[in-house]
Amino acid sequence: MYYGCYKDFGSDPPAWIPDLESAKITNVGKLLERHGTKFLGSVYKDPISSFSDFQKFSVSDAGDYWKLVLDEMNVAFSVPPPCILYEHTSEEGQTSYPGGQWLPGALLNSAENCLSVNSKRSLGDVVVKWRDEGDDEVPVKNMTLKELREEVWLVAYALQTLGLNKGASIAIDMPMNVTAVIIYLAIVLAGYVVVSIADSFAPREISMRLRISNAKAIFTQDYILRGKKRLSLYSRVIDADSPLAIVVPTGSSSISTKLRDCDISWPTFLERVKNCKGDCFSAVVQPVDEFTNILFSSGTTGEPKAIPWTHATPLKAAADAWCHMDVRKGDVVAWPTNLGWMMGPWLVYASLLNGASMALYNGSPLDSGFAKFVQDAQVTMLGVVPSIVRAWKSTNSTFGYNWSAIRCFGSTGEASNVDEYLWLMARAHYKPVIEYCGGTEIGGGFVSGSFLQAQSLSAFSTPAMGCTLFILGTDGNPLPQNTSGIGELALDPLMFGASNTLLNANHFNVYFKGMPTWKGKVLRRHGDEFERTSGGYYRAHGRADDTMNLGGIKVSSIEIERVCNGVDDTILETAAIGVPPLGGGPEQLFIVVVFKHLNSETKLDTLKASFNSMLQKKLNPLFKVSYVVPVSSLPRTASNKVMRRVLRQQLAEFNQ
């Protein structure tokens with residue numbers, strides 16, 4: 001029916017169209033109905049007609065826009081900033097704060113804001129809903145704001161017994177369950193810095209992140225329970241030669257394995273401060289630029305970039321949810337993820353700072369148990385990555401469950417597929433999918449969808465609020481604004497909450513060096529290839545550099561090639577290439593192989609199995625090689641660099 005209706009439509013056929021009455025009761029709609037004429041003057045008509053003008057206002061009058069949104073979210077400062085944005089005029093200031101310095105002089109604690117009582121919530125409001133895998137017939141568990149505060153306070157007191165200096169880094173390597181969220185908030189509340197490590201990482205990857213962040217302690221679990229499988233986690237942390245570990249038992253009050261002499265069980269850790277239970281913990285108030293979280297994003301050097309989040313970054317994450325996903329009081333937000341990836345902390349802040357509840361399922365999101373949890377928790381905003389949707393569709397695991405409470409889906413992490421997302425919309429009576437693309441270094445999105453615009457599948461309808469997008473032409477300079485075209489994406493440096501430092505690389509060199517200028521400002525590098533369509537929508541076409549996206553996880557070609565080169569003695573060299581399939585969808589991993597001898601008799605199927613085994617053991621168990629392609633040699637530049645872009649073009653033709 002969809003394809004029949006839009007047979008002659010042209011580009012960007014809408015799968016969902018807003019109606020004015022519904023638009024007026026969204027967060028942005030209510031704001032525009034109150035203040036639209038004040039901000040936009042006589043141009044303002046209604047929330048739908050004037051949304052694009054409001055987005056431009058969020059850039060041109062950034063100070064006014066962000067003051068408005070922070071007030072809407074009831075963000076409280078211990079010391080308010082004298083201004084929202086200070087634009088440096090000196091060369092040194094422009095290098096340290098490209099685009100400007102946000103909230104200069106402000107003092108706050110972002111975790112404290114998550115736990116405060118305000119006009120959006122009271123102590124009795126439910127703020128976390130969760131269920132463990134296998135407990136499908138047990139009622140969803142709830143935690144009120146009062147209960148969450150007391151749990152976080154107790155852990156914050158216990159953290160002080162470790163004797164760490166304020167600002168010390170403390171890692172979390174756990175599934176994203178309610179205990180992990182409590183620990184996360186407590187670390188930030190007490191003035192320490194969270195180091196985010198995904199629970200799927202091998203010891204080598206854990207060790208690298210602990211070293212880069214200089215972590216002084218780590219919270220982990222004894223094992224992860226997935227169905228009937230017990231996947232050891234604490235042993236991986238030990239193999240990573242971690243510092244002091246606080247080990248949370250899985251499913252019981254006792255640890256199932258022997259601990260190192262230096263480590264502490266979770267019950268023993270809390271026992272130290274049992275007399276503090278219920279006592280209010282005074283948040284450690286910090287300057288807005290102090291670090292709260294260190295996350296990691298793969299670059300093209302093989303070592304992940306260590307990206308610090310400050311106290312401003314959570315505000316960006318929450319503001320995106322407030323505007324683009326319309327998250328508000330009474331909503332229940334679920335997004336299967338992990339604190340090791342940016343969407344984990346994003347979920348914490350997007351829900352709590354907007355007066356909503358977060359919904360956490362401690363188990364696999366691919367099975368029917370998760371689908372039932374979405375029903376039982378009355379989830380209103382469900383976040384996905386396309387590979388999860390593909391699994392649901394192929395197994396029909398959502399069949400029979402009522403998802404009618406959902407107001408919208410959010411999608412991020414990788415390119416989506418039109419047919420699969422039509423199927424997804426139908427699970428909730430054709431509610432919209434809000435596509436959302438950004439980066440760890442941005443703390444949220446730079447391009448998104450909106451409840452106030454028609455949504456076209458696998459496309460973005462608007463730059464994120466406060467962001468301006470540029471598509472670079474073949475000459476390396478921006479194409480004229482609002483014209484269609486395709487090329488590498490660049491960003492206006494004026495972005496609230498975006499990073500301005502890296503722990504293990506020169507931030508200016510990574511994101512700004514060699515970039516073109518626009519109106520006197522150096523544009524910010526992103527690296528994705530984007531298209532602006534004739535209808536004004538945006539479409540992502542994967543990485544423009546040598547970093548690929550596998551199942552929502554960014555990884556450099558070099559990391560994969562380093563593993564593959566050592567798999568078999570017959571291999572001379574390899575090139576790892578991510579190629580999207582015909583018709584769209586997540587990138588597939590091709591390994592291009594040059595053998596030492598042209599007449600090598602190595603079987604490609606056997607080699608493919610060996611590649612998968614080693615990649616899943618050494619990098620990530622979610623990585624999968626789709627094809628092994630033998631070639632006589634790799635294309636190279638005059639300086640001997642592998643031209644992966646040439647290979648990508650050739651393999652794209654192969655993939656058709």
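Below, all heavy atoms of this structure are taken into account, side chains as well, without hydrogens, waters or symmetry copies. Please read these numbers as outputs of a predicted model, since none were measured by experiment.
- Here the closest non-hydrogen pair linking Ser196 and Phe296 is O-CD1, 3.6 Å.
- Looking at Asn74 and Ser119, their side chains do bring a donor and an acceptor atom within 3.5 Å of each other.
- Between His324 and Tyr436, the distance separating the two ring centers is not shorter than 6.0 angstrom.
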Evaluate the side chain to side chain contact (heavy atoms under 4.5 Å, CB included) criterion for residues Asp61 and Phe39: first the C-alpha distance (whole Å), next the side-chain angles of each, then the deciding distance (0.1 Å), finally the verdict. CA-CA 9 Å; Asp61 296 76; Phe39 294 130; over 6 Å; no

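- Across Asp199 and Pro175, no two heavy atoms sit closer than the pair OD2-CA, 3.3 Å.
- Each of Met515, Arg524, Arg525 was evaluated against Leu491; a single residue qualifies, Arg524, per the side-chain contact (heavy atoms from CB on, under 4.5 Å) test.
- With ring centers used as reference points, Phe291 lies 6.0 Å or more from Trp309.
- Closest heavy-atom contact between Ala319 and Met73: N-SD, 3.7 Å.
- Here the side chains of Gln221 and Pro249 are not in contact, with every heavy-atom distance at 4.5 Å or above.
- The residue from Val69, Leu103, Leu70 that alone fulfils the side-chain contact (heavy atoms from CB on, under 4.5 Å) condition with Val75 is Leu70.
- Phe77 is listed as a side-chain neighbour of Pro81, based on a closest heavy-atom distance under 4.5 Å.
- Remark: Asn165 CG is loosely packed, at most 12 non-hydrogen atoms of other residues, nucleotides or ligands lying under 6.0 Å away.
- Between Asp331 and Arg407 there is a salt bridge, with a side-chain nitrogen of the basic residue lying less than 4.0 Å from a carboxylate oxygen of the acidic one.
- Each of Lys30, Lys329, Arg328, Arg34 was scored for a salt bridge (Lys or Arg N to Asp or Glu O under 4.0 Å) with Glu72, with one residue passing: Arg34.
- Within the 4.5 Å cutoff, no side-chain heavy atoms of Met358 are placed close to those of Trp130.
- Between Val155 and the choices Phe269, Phe281, Tyr184, the side-chain contact (heavy atoms from CB on, under 4.5 Å) rule is met once, by Phe269.
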Intermediate values then yes/no, side chain to side chain contact (heavy atoms under 4.5 Å, CB included), Trp153 and Asp279: CA-CA 7 Å; Trp153 289 343; Asp279 292 352; over 6 Å; no

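- Counting heavy atoms of neighbouring residues, nucleotides and ligands inside a 6.0 Å radius, atom NZ of Lys513 does not exceed 12 of them.
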Decide yes or no on side chain to side chain contact (heavy atoms under 4.5 Å, CB included) for Lys305 and Glu441, but give the supporting numbers first. CA-CA 9 Å; Lys305 297 193 296 289; Glu441 73 280 3; 5.7 Å; no

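- Atom-to-atom distance recorded for Asn27:CG and Asn354:CG is 7.0 Å, nearest 0.5 angstrom.
- For the pair Glu87 and Lys521, the salt-bridge criterion is met [side-chain N within less than 4.0 Å of a carboxylate O].
- Remark: Arg131 is not positioned above the aromatic ring of Tyr361, lacking an NZ or CZ atom under 6.0 angstrom from the ring centre and at most 45 degrees off the axis.
- Other residues, nucleotides and ligands place no more than 12 heavy atoms under 6.0 Å from the NZ atom of Lys67.
- Between Thr462 and Tyr538 there is no side-chain heavy-atom pair separated by less than 4.5 Å.
- Residue Asp53 holds its CG atom at 11.0 Å from OH of Tyr44, rounded to the nearest 0.5 Å.
- Atom CG of Leu352 is separated from atom CG of Leu145 by 8.5 Å, given to the nearest 0.5 angstrom.
- Across all their heavy atoms, Asn113 and Arg121 have their closest contact at O-NH2, 2.7 Å.
- The shortest distance between side-chain heavy atoms of Leu469 and Val447 falls below 4.5 Å.
- For the atom pair CD1 of Ile307 and OG of Ser297, the computed distance is 4.5 Å after rounding to the nearest 0.5 Å.
- A 4.5 Å side-chain heavy-atom check between Met381 and Val332 finds every atom pair outside the cut-off.
- Counting all heavy atoms, side chain and backbone alike, Val379 lies closest to Ala359 at CG2-CB, 4.1 Å.
- Side chains of Ser448 and Asp320 form no contact here, defined as non-hydrogen atoms less than 4.5 Å apart.
- Scanning both residues, Asn338 and Ile197, for their nearest heavy atoms gives OD1-O, 3.8 Å.
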Apply ring-ring contact (aromatic ring centres under 6.0 Å, His included) to the pair Phe54 and Tyr65, showing each step before the final yes or no. CA-CA 9 Å; Phe54 187 53; Tyr65 170 78; 5.8 Å; yes

Between Ile294 and Val194, is a side chain to side chain contact (heavy atoms under 4.5 Å, CB included) present by the stated rule, with each step listed? CA-CA 6 Å; Ile294 297 168; Val194 177; over 6 Å; no

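- The distance between the ring centers of Trp346 and Trp341 does not fall below 6.0 angstrom.
- Side chains of Trp266 and Ile246 form a contact here, defined as non-hydrogen atoms less than 4.5 Å apart.
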